[in-house]
Participant: 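My structure is below; once you've seen it, I'll send some questions.
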Amino acid sequence: MQKKKARSINASILLVIGTFLFGCTNLIWLIQRHQPQILPHIAISAETLPNNAIIRMGHGLIHSMAYAPDGNVLAVGTAVGISFFDSADYSLQRRITTDIQVDALAWSPNQQMIAFTNGSSAFLLNLTTDTWIKLTTDGTQLYDEISWSPDGNHVSAIYKRDIRVWNKDGKVVKGLRHNRTTFRGESVAWSPDGTQLVAAYSDFWVGRDDPDEVVIWDFASGNVVEQWEMPRSSSGKVWWTIQDMIIVNNDIFRRDGTRVAGDVEVEAISADGTTILKVAESDSAELITLPTLEPDNYVKLYGSIIAWHPNRQIVASATHFDDKVAIHSVSSDAVVAELFFGSHLFESIAWSPNGQYVAGITRRGSVLIYSARDSEIVSEFRMGRGTPHRGIGFSADGSLLAIGVPSANDHHIELWTVEGDLINTIQGGALFAWSPTTAQIALATGSKIERFRIEPNGTADLIDVFKLEGGATAISWSGDGNTIAVGIKNFDKERAMVQLWQMVDHHLPTIIQDRHMQSRRSYIRSIALSPNGKWVAASYDSGEYNRSHAVLSVWDLEGNLVKSFGNQEQSSWSLSWHANSQWLVSTDAPIERAGIGFYPLADEHSIKTLAIASNTIAWSPNGKSIASVGFTGQPVFIDVDALRLNQ
C-alpha cells in the first residue's frame with residue numbers, strides 16, 4: 001500500500017516569528033488574512049493547452065480520485081487537471097485541463113466545488129462558475145491531503161506540523177500547530193459534527209524512536225482536546241467515522257485514544273462510515289464492517305489510488321504510472337468498466353522521416369506511434385513490462401524502429417517493424433543512431449562504435465568499427481549522413497570530450513575538449529549534429545565549484561567553438577536541431593521551473609524560453625512543430641511558427 005507523501009508548496013502568506021535560544025523555543029504564529037488570489041477562468045473544453053501548443057494526447061498520469069457525494073460523477077485528478085466521468089456508464093462528461101498536477105482532491109458536500117492540491121499550492125474550483133481560487137499558502141511547507149468540513153463551509157489541509165483551515169471563499173480562518181518541532185503532519189480529518197479536527201503526526205527526526213501521535217483539536221477555540229501516542233511509523237491517512245472511531249491507516253481508536261484494533265491496513269472508508277476497505281494482498285482488499293470488525297466481502301484492486309462509490313457496491317482503483325482506472329463491482333468481484341487515459345510516461349520520442357508520425361517509448365516498455373496530424377494512436381505494442389531502454393528512432397525509410405535496451409548483462413538494440421514485430425536483436429550496446437540517408441545504424445559498444453548495414457528483413461551486417469577515447473554517453477548522426485558525433489567520458493583522464501568520426505575518408509577523428517569539460521565531474525548529457533552536417537552541439541555539466549553548471553556549446557567539425565550559451569542552472573537532457581540548422585531546442589530539466597529553450601546559432605536572434613516542462617523533445621523534419629513530453633507523461637505538439645523565432 002502506498003502512502004501519499006507530502007510535497008513542497010509555494011506560497012503567499014506568512015507565518016512564523018520565533019525566537020530560538022539554546023533549545024528553548026518561544027513561538028508566535030501570526031496568520032495574515034490575505035484576500036485569496038483569483039486565478040484566470042478555466043476553459044471547459046476537450047483541450048486547454050499551454051501557450052503555443054496545438055495538440056495534447058491523453059488525460060495525464062493519474063494521481064487521485066473521488067466520487068461526488070451523490071455518486072453520480074467520478075472525478076479523476078491527473079498530472080494536467082481533472083476528468084469527470086458519469087458513473088452510470090462511465091462516459092467522459094468533461095475535462096478541466098489546467099496544466100496543474102492534481103495530487104489530492106475532495107468534493108464539497110453540495111458538489112458545487114472541488115478542493116485540490118498540486119504539491120505546491122491548494123485551490124478551490126467552483127464548478128458552477130468555472131472559476132478557481134488559489135488558497136493562501138506558505139511556500140516552505142508540505143501538503144498531503146485536503147478535506148471539507150461536513151457543512152461545506154471550510155476546507156482544511158495539513159503541512160509539516162501545521163493545520164490550515166480556509167472558508168469556502170478562500171480566506172484563512174484558523175491555524176493549528178503541533179508543539180513538537182520534529183513532528184510532521186500526515187493527514188487531517190473532520191469529526192462528523194464538524195466541531196473538531198483530528199490529525200496524525202510522525203516524528204521524522206533521524207535516529208530517534210519517539211512514538212507517533214494523534215491529536216484532536218477543538219475547531220472553535222483551537223485547543224487540543226485529546227492527544228495520544230501510536231507505534232512509530234504507523235501514522236498516515238486519518239478518518240473519523242460516525243461511530244466516533246478514529247482510523248489511522250493501520251490502527252483503529254476510540255476518540256479517547258483506546259486502541260480497538262491494529263495492523264488493519266485501511267485503504268478507504270465507505271461514505272456512510274460503516275465499512276472499511278482493508279488491503280489483503282497487493283491486488284485485492286477485504287471489506288470489514290465497523291464496529292464489529294467482521295469481514296464482509298472481498299474486492300479486487302488495480303492499484304493503490306482508491307475511490308469508493310457512496311452506494312458501497314463500486315470501487316475504482318488506479319496506479320500513479322499506468323493509463324487506466326478500473327471500476328470494480330463489490331458483489332461480483334469483477335471489473336465492470338475501464339477508463340483509459342492515454343497517460344504514458346515517455347522517456348524517448350522520435351519523428352518519422354516523413355514527419356507524419358511520432359513514436360514514443362514509455363518507462364514501462366510500451367511503444368506508441370501517433371499521427372502528428374490528429375494525435376490518434378496508429379500503432380501500439382509492448383516490449384515487456386518495465387523493460388528499460390535508452391532511446392527510440394526510425395530508419396531512413398521509416399519502415400523500422402530501433403530501441404536501445406540496457407540491462408545488467410545484456411546491452412543491445414532491438415529492431416521492430418512499425419506494426420510491432422520484433423525482427424532482430426543486435427548485441428553489444430544500447431546507445432545508437434540511425435543514418436538519415438542510408439539503411440545504416442551506429443551502435444556504441446563499450447569503447448567503440450560499430451556501424452551496421454540493416455537489410456529490410458532486419459539482418460545486420462557489420463561494416464566497420466571506430467575506436468573511442470572513453471565510454472559513450474551520447475551519440476548523433478549528421479543530416480548529410482557523413483559524420484557521427486559521440487559524447488564520451490574518459491575515466492582515465494576523468495573528463496568528458498566529444499569525438500567526431502568522418503565516414504567519407506575515415507581520417508583520424510576530431511576530438512573536442514572544451515575548457516568546461518576539464519573537470520573530472522564533467523559529463524555530456526546530450527549531443528546533436530546539425531542537419532546540414534556542419535556543426536555539432538553538446539550539452540554537458542562542467543561540475544565546477546562543487547556544483548553542476550550546464551553548458552550548451554556548438555563547434556564546427558574541426559573542433560572550433562562556434563557558439564556557447566554559457567553556464568545555465570538547468571541541464572539540457574535532450575537536444576534537437578531545426579531543419580535549417582540555425583536553431584537548437586533543448587529541454588532544461590529536471591527542476592520545477594524547467595522549460596524548453598530555443599537557442600540561435602546566428603547572433604541576430606535572441607534566446608527564447610517556452611514555459612512547458614519537458615524531459616524529451618524532438619523537432620519535426622519540416623521544422624514547423626516540436627514534439628515534447630514532460631513529467632506529466634503527456635506528449636504535446638508545439639506550433640513553432642506561433643513562437644515567431646525570427647522576429
Side-chain angles (χ1 to χ4, degrees), residues 347-348 361 387-393 402-414 425-435 440-452 460 462-478 483-503 506-529 536-544 548-555 557 559 571-575 586-587 589-590 615-616:
E347 292 202 339
S348 298
I361 184 166
T387 302
H389 51 275
R390 285 291 297 274
I392 186 170
I403 300 171
V405 182
S407 61
N409 303 308
D410 181 25
H411 298 282
H412 64 273
I413 61 172
E414 297 178 355
T425 298
I426 306 175
Q427 301 293 332
L431 276 176
F432 71 92
W434 281 102
S435 166
Q440 297 181 18
I441 199 167
L443 177 64
T445 60
S447 59
K448 64 182 183 295
I449 296 293
E450 297 177 335
R451 183 163 58 129
F452 294 89
L462 182 64
I463 301 175
D464 49 21
V465 179
F466 163 41
K467 180 174 172 36
L468 298 175
E469 296 295 322
T473 61
I475 186 171
S476 175
W477 205 313
S478 66
T483 308
I484 292 175
V486 187
I488 60 178
K489 179 71 175 180
N490 188 305
F491 293 99
D492 293 332
K493 297 180 180 179
E494 293 186 325
R495 62 189 59 177
M497 59 185 70
V498 175
Q499 205 163 335
L500 300 177
W501 180 27
Q502 302 282 350
M503 286 171 291
H506 292 77
H507 65 67
L508 291 176
T510 300
I511 296 178
I512 302 171
Q513 173 139 19
D514 187 87
R515 63 181 181 85
H516 293 289
M517 298 184 193
Q518 294 176 5
S519 166
R520 63 184 179 85
R521 294 180 63 244
S522 61
Y523 184 88
I524 295 175
R525 298 195 177 277
S526 185
I527 197 166
L529 276 158
V536 59
S539 168
Y540 50 95
D541 288 340
S542 66
E544 295 176 345
S548 179
H549 291 259
V551 181
L552 178 59
S553 295
V554 179
W555 302 273
L557 299 191
S571 293
S572 298
W573 289 74
S574 181
L575 289 177
S586 75
T587 61
N615 57 4
T616 183

Participant: Considering all heavy atoms of both residues, which atom of F432 and which atom of I413 are nearest to each other, and what is their separation?
Facilitator: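 Heavy atoms only, the tightest pair is CD2-CG2, 3.8 Å.
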Participant: Look up atom CG in L575 and atom CD1 in I527, then write down how far apart they are to the nearest 0.5 Å.
Facilitator: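 It is 9.0 Å, given to the nearest 0.5 Å.
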Participant: Mark yes or no for whether S348, through its side chain, and I361, through its backbone, hold a donor-acceptor pair below 3.5 Å.
Facilitator: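 It does not hold such a pair.
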Participant: Quick one: pull up CD1 in I475 and CD in Q499 and give me the separation to the nearest 0.5 Å.
Facilitator: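 Taking CD1 in I475 and CD in Q499, the distance rounds to 11.0 Å.
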Participant: Measure the spacing between CZ of R525 and CG of L552 and express it to the nearest 0.5 Å.
Facilitator: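 Answer rounded to 0.5 Å: 13.5 Å.
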Participant: Looking at L529 and A485, what are the two nearest heavy atoms and their distance?
Facilitator: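 Scanning both residues completely, I find the closest heavy atoms to be CD1-N, 3.4 Å.
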Participant: Measure from the side-chain N and O atoms of T510 to the backbone N and O of G559, and report whether any donor-acceptor pair falls under 3.5 Å.
Facilitator: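 Checking the backbone N and O of G559 against the side chain of T510, no donor-acceptor pair under 3.5 Å is found.
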Participant: Using the side-chain contact (heavy atoms from CB on, under 4.5 Å) definition, which of the options I512, I484, V486 pairs with V536?
Facilitator: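 Filter result, single survivor: I512.
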Participant: Would you find a donor on one side and an acceptor on the other, under 3.5 Å apart, between the side chain of W477 and the backbone of A442?
Facilitator: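 Answer holds: no.
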Participant: Which residues satisfy the side chain to side chain donor-acceptor pair (under 3.5 Å) test with S476, sequence neighbours excluded?
Facilitator: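 Applying side chain to side chain donor-acceptor pair (under 3.5 Å) to S476 gives none.
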Participant: Of all the heavy-atom pairs spanning A538 and V498, show the shortest one and how long it is.
Facilitator: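 Smallest heavy-atom distance, with atoms named: CB-CG2, 4.2 Å.
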Participant: Please report the shortest heavy-atom distance between W434 and G393, naming the atom on each side.
Facilitator: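 Scanning both residues, the minimum pair turns out to be NE1-O, 2.9 Å.
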Participant: Supply the atom-to-atom distance I449 CD1 to I441 CD1, rounded to the nearest 0.5 angstrom.
Facilitator: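 So the gap between those two atoms works out to 11.0 Å.
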Participant: When you measure from the side chain of S539 to the backbone N and O of S526, does any donor-acceptor pair fall under 3.5 Å?
Facilitator: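 Here the side-chain-to-backbone pair does not exist.
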Participant: Residues in side chain to side chain donor-acceptor pair (under 3.5 Å) with T483, at least two apart?
Facilitator: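 Applying side chain to side chain donor-acceptor pair (under 3.5 Å) to T483 gives Q502.
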Participant: About how many Å separate CD1 of I488 and CE of M497, when rounded to the nearest 0.5 Å?
Facilitator: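 Answer for the CE-CD1 pair, M497 versus I488, is 5.0 Å.
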Participant: Would T445 and V465 count as a side chain to side chain contact (heavy atoms under 4.5 Å, CB included) if you check the C-alpha gap in whole Å, the side-chain angles of each, and the deciding distance to 0.1 Å?
Facilitator: CA-CA 10 Å; T445 60; V465 179; over 6 Å; no
Participant: Rounded at 0.5 Å granularity, tell me how far CG in L443 sits from CZ in R451.
Facilitator: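 The CG atom of L443 sits 13.5 Å away from the CZ atom of R451.
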